Every structure is written in structure tokens, then in C-alpha cells.
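Remarks on the structure that follows.
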Amino acid sequence: MERKPKNIFVQGAIEAVFIADSIQKHSSKTNIGGHSIFLGQVRADKIDEKEVVAIEYTAYEEMALEKMHVIREEIFAKYNLTCMHVHHSLGKVSAGEICLFVFTSSAHRKAAMEACNELVERIKAELPIWGKELFADESHQWKINQ
Amino acid sequence: MERKPKNIFVQGAIEAVFIADSIQKHSSKTNIGGHSIFLGQVRADKIDEKEVVAIEYTAYEEMALEKMHVIREEIFAKYNLTCMHVHHSLGKVSAGEICLFVFTSSAHRKAAMEACNELVERIKAELPIWGKELFADESHQWKINQ
Amino acid sequence: MAINIVIFGSLTDITGSTLQLENIADTNALVSELNNRYPVLVNSKFMIAVNKKMIDTNTPLNNNDTIALLPPFSGG
Amino acid sequence: MAINIVIFGSLTDITGSTLQLENIADTNALVSELNNRYPVLVNSKFMIAVNKKMIDTNTPLNNNDTIALLPPFSGG
């Protein structure tokens, strides 16, 4: 099955109610036995006495969506999944808010769990997205992924 | 820190809105960087032309809660987690509905993900809970975990 | 001496969900008595918990002990 | 010959978010020119994408190519 590139980007934080809706939609797919979800949340890290109040995300959107499409196809080829959904914030996301939502479903739990873990690693390593950590005094520092 | 045994049991299906509330509550914990969630959903398996319409769960509740308490302590000792929540249905859960909700959070994603996976495996293997697969014609078959 | 037995999962189709037995010295005697009463139990795989602790060797039973018969778990 | 450069992440603090340069034959020449204009760039780690494809060897540039300067990703 050929899949079209999907937009993964959301302006601002990802709301809990959006996640609930996404879960609810899967109740009609009665071949699913397990869902695996990863949520990235913005941490109020302290750096030299200053606290991160928000992260502002930017992306090379076109390239990120093309790359995400490739990753999606590879994950679908590798794991026996029923569905896969990825949402990433752009713009400002405050500490405590959700900036990444990865959601995989499969008949048996193992595929969903392994695919979810691999997706998160690949999203962080391969998508041209950058986080700018904003401090209360309006200074900033660029986020570094470990 | 000593933790008291918590009740993990919920009557009937676990609703998406309950999951959303649980996620939302963590927005005040700004030391969290990642949440890992597993949801078990009842599959409409076909067995000899008959379709599972629901699973009815029963448990040796007291023993399950004691065992879950031990598992919780062991997982907290093994992984650097901020929080851990487990909810399992009792009674009838229809195909397409959620019967298990495992939710772990940590500063860095790896602990949350690994703890979530291990919790799901241990819950399925070690908690005295049984699923009775109900068919439309009111016959049944006892679920077997693989 | 009375022992209370609680039964779970597929075993309830054979025995119902509770039983009370008298004069059962230990878990081996219990299994014999159960197999006597419910011959199809011989084909059932189950574990025994005494006062919520799983046992794997013959265990003496005391008055008012609670015994549970636990077929393989299938939660989740 | 005009090439359009889009810049992301930490590099925007040095160069701004877009640049247009003329008469740049290839990506090696581009890096030299950028280092000339923005000496602190020498200390920055970044990759180059030409028309959204990451390159890792010197690559000739054509009219209206879009070049992107990509510091290490930090999404999620």
C-alpha cells in the first residue's frame, strides 16, 4: 500500500484531549490488541541558576516530512503494525507541556512497543528539527539531544 | 520512600478521557521529559467462526494488589522513574475497548520506556488475573496469554 | 478442621468459585481429594496459593487457611 | 548564478535565517565564503543539504539550488 506523506507538525503544545481523541478513534479497529505511546514533555531544566520556561521548536519542514515519510515506510515494512501516528510541536511549548506524541498499534503488543521505541529514536536523530530553550530573562540556549 | 499498595482495578473499560486526565495531571511535574504508555485493547478474535465480543476479567484481587506492590517497588528500584501508574479492568470489556493502562514517566526517555515494557510483561505473567472471552452466542473460552 | 478454597479462571467451570473442605492435612491431600471429586481436574494445570503465597512443595494446612487454585494467568 | 541558503537552529544566531549568494561553484566554495563572512562559523558543526538531500562530499551547485545549513538536530 502506498502512503502519502502526512503532516506531523502541530502549532504549539500537544493537548491531552487531542491524545484522548486519537486513542478513542482506534476503538473501531478491533484487530488491535496493544497500543504503545511515547510523549515528550518539556523539562524545566536548570542551567547555571536559570530555568528553562519553554522550548521553541523550528524545523526544515519540507525535508522533515519527506524524511518522516521514509521512516514511516521503513517502520511499516519492519513491524506488523495496524497504525502509526506521529505529531511534533512547532513554535513555543512551555515546561510541563507535550511536544512529541508517537502512537503505534498492533495485534500483539511486541510490534507496537518495539516500533514506538525505534520511531522515537529515529525522530530525534534524523528529523531536521531544532529546540531553542528559552529562559525567563528572555535569553536562550540551543537544545542538544543526547 | 515507602509506598502503600494502590488499587489498580477499574470496573469495566478504561476510558480515553481517564487516560487524558492522567496525562494532564503530569504537566505540573516539570522534571519529567518523557512518558511511556501501554494500552491493552480487547481484540475481536475469530475462533472457529465465532467472534470474541468482550472479555470478562476476574482477579484474585488481594493477591494481585500485594504482588503489584512488590513489582512496583522493584521497578522503582531498578529504573529512575518520576511516576508509575497501572490500571487494569475487572468485569466486562467489549472488543475495541481498553483493559490495561500502564503509564511511566522519567526525566530521560529510556527509563520510562524500559520500565513500561517490563511492567507490561510482569503484569501479564505475574498478576493473578483471568480473562474469559465471550462470544455473541453466550458461549465462552478462557483466554491464554502467550 | 475447615479449609476455605477459592477458585479462579477456567477451573470455576469445573468446581464453582468456592469450596469448603474438612480434614485435609496438606496440599497433596487436597489435590487428591479434588481429583476424586472432579476427575476432569487431572487435565487442568494450576498452581496453589496458601494464604496468598504461591507454594511449590507439599505444604501442611491449618485451620482457616485460605487456599486458592490458580490456573495460568491471562490478564492484560 | 544565485543560490538560496536557508539556515536553521543555532546557526541562525550567527547568520540569520536566509542568505543569497552569487557565483559559488560548489559546496566547498560555499563553506569558504561563509567562513570568510562569519568567522565564528568555523567553530560550528553543521551539515549541508542541497535540495533537501544531505551531502557529504563536495557537490557542484546549480542556479536556484536551495542549500540548507543544518546544525545537529534536537527535536523531541
Side-chain angles (χ1 to χ4, degrees), chain A residues 13-46 51-55 82 93-110 112-114 116-118 120-121 123-124 145-146, chain B residues 13-46 51-55 82 93-110 112-114 116-118 120-121 123-124 145-146:
Chain A
I14 296 164
E15 305 291 340
V17 63
F18 177 87
I19 297 164
D21 284 352
S22 192
I23 293 168
Q24 187 57 53
K25 278 181 192 148
H26 290 74
S27 65
S28 58
K29 299 197 178 177
T30 56
N31 57 333
I32 293 175
H35 305 286
S36 195
I37 293 174
F38 178 80
L39 303 173
Q41 181 167 305
V42 172
R43 265 196 325 272
D45 279 348
K46 269 222 173 77
E51 199 175 86
V52 172
V53 294
I55 294 182
T82 316
V93 181
S94 298
E97 292 185 321
I98 306 291
C99 57
L100 173 62
F101 172 27
V102 178
F103 186 9
T104 53
S105 310
S106 56
H108 299 279
R109 67 187 178 285
K110 221 168 183 58
M113 289 171 142
E114 289 177 0
C116 186
N117 290 2
E118 188 169 326
V120 172
E121 298 308 318
I123 286 163
K124 291 190 169 241
N145 277 2
Q146 286 152 3
Chain B
I14 297 162
E15 304 292 339
V17 63
F18 176 88
I19 298 164
D21 283 351
S22 192
I23 294 168
Q24 187 59 51
K25 279 181 192 148
H26 290 75
S27 65
S28 59
K29 299 198 177 177
T30 56
N31 57 333
I32 293 174
H35 305 286
S36 195
I37 293 174
F38 177 80
L39 303 174
Q41 182 166 304
V42 172
R43 267 196 324 273
D45 279 349
K46 269 223 173 74
E51 200 175 83
V52 172
V53 295
I55 294 181
T82 316
V93 181
S94 298
E97 292 185 321
I98 306 292
C99 57
L100 173 62
F101 172 27
V102 178
F103 186 9
T104 52
S105 310
S106 56
H108 299 278
R109 69 188 176 283
K110 221 167 181 59
M113 288 171 142
E114 289 176 0
C116 186
N117 291 2
E118 189 169 326
V120 172
E121 298 308 319
I123 287 163
K124 290 188 169 245
N145 277 2
Q146 284 152 6

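The shown structure was predicted, so the numbers you read here are calculated from the model rather than taken from an experiment. Proteins come first, then strands; the chains are lettered A, B, ... in the order of their sequence lines, and each starts at number 1.
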Counting heavy-atom pairs under 4.5 angstrom with chain B, the leader among A/Cys99, A/Ser22, A/Cys116, A/Gly96 is A/Gly96
Q) Any donor and acceptor pair, going by atom type alone, linking the side chain of A/Gln41 with main-chain N or O of B/Lys29 inside 3.5 Å? A) yes
Cut-off 4.5 Å, heavy atoms of chain A, and the answer for B/Leu100 is neither
Pair count under 4.5 Å, heavy atoms only, with chain B: among A/Gln24, A/Glu121, A/Lys46, highest is A/Glu121
#### Entry: Check: B/Arg43 side chain, A/Ala107 main-chain N or O, donor-acceptor pair, under 3.5 Å
yes
Open item on the list: Is there a side-chain contact between A/Met113 and B/Val120 in this structure, where contact means two heavy atoms from C-beta onward sitting under 4.5 Å apart?
Closed with: yes
Applying a strict 4.5 Å limit to non-hydrogen atoms, the region of B/Lys124 in contact with chain A is side chain
One should read off an interatomic distance between A/Ile23 CD1 and B/Leu39 CG, to the nearest 0.5 angstrom, of 5.0 Å
Greatest number of non-hydrogen atom pairs under 4.5 angstrom with chain A, of B/His26, B/His108, B/Lys110, falls to B/His108
Notebook entry, point to check: Do A/His35 and B/Ile37 come within less than 4.5 Å of each other through their side chains, counting heavy atoms only?
Noted result: no
Closest non-hydrogen atoms of A/Ala20 and B/Ala20, given as atom of the first, atom of the second and distance, are CB-CB, 3.5 Å
Okay, A/Ile32 and chain B: the region with an atom under 4.5 Å from a heavy atom over there is both
When the 4.5 angstrom heavy-atom criterion is applied to A/Ala112 and chain B, the contacting part is neither
Ranking A/Ser28, A/Ser105, A/Gly33 by heavy-atom pairs under 4.5 Å to chain B gives rank one to A/Gly33
Applying a strict 4.5 Å limit to non-hydrogen atoms, the region of A/Asn117 in contact with chain B is both
The interface call for A/Ser36 against chain B, heavy-atom contacts under 4.5 Å, is both
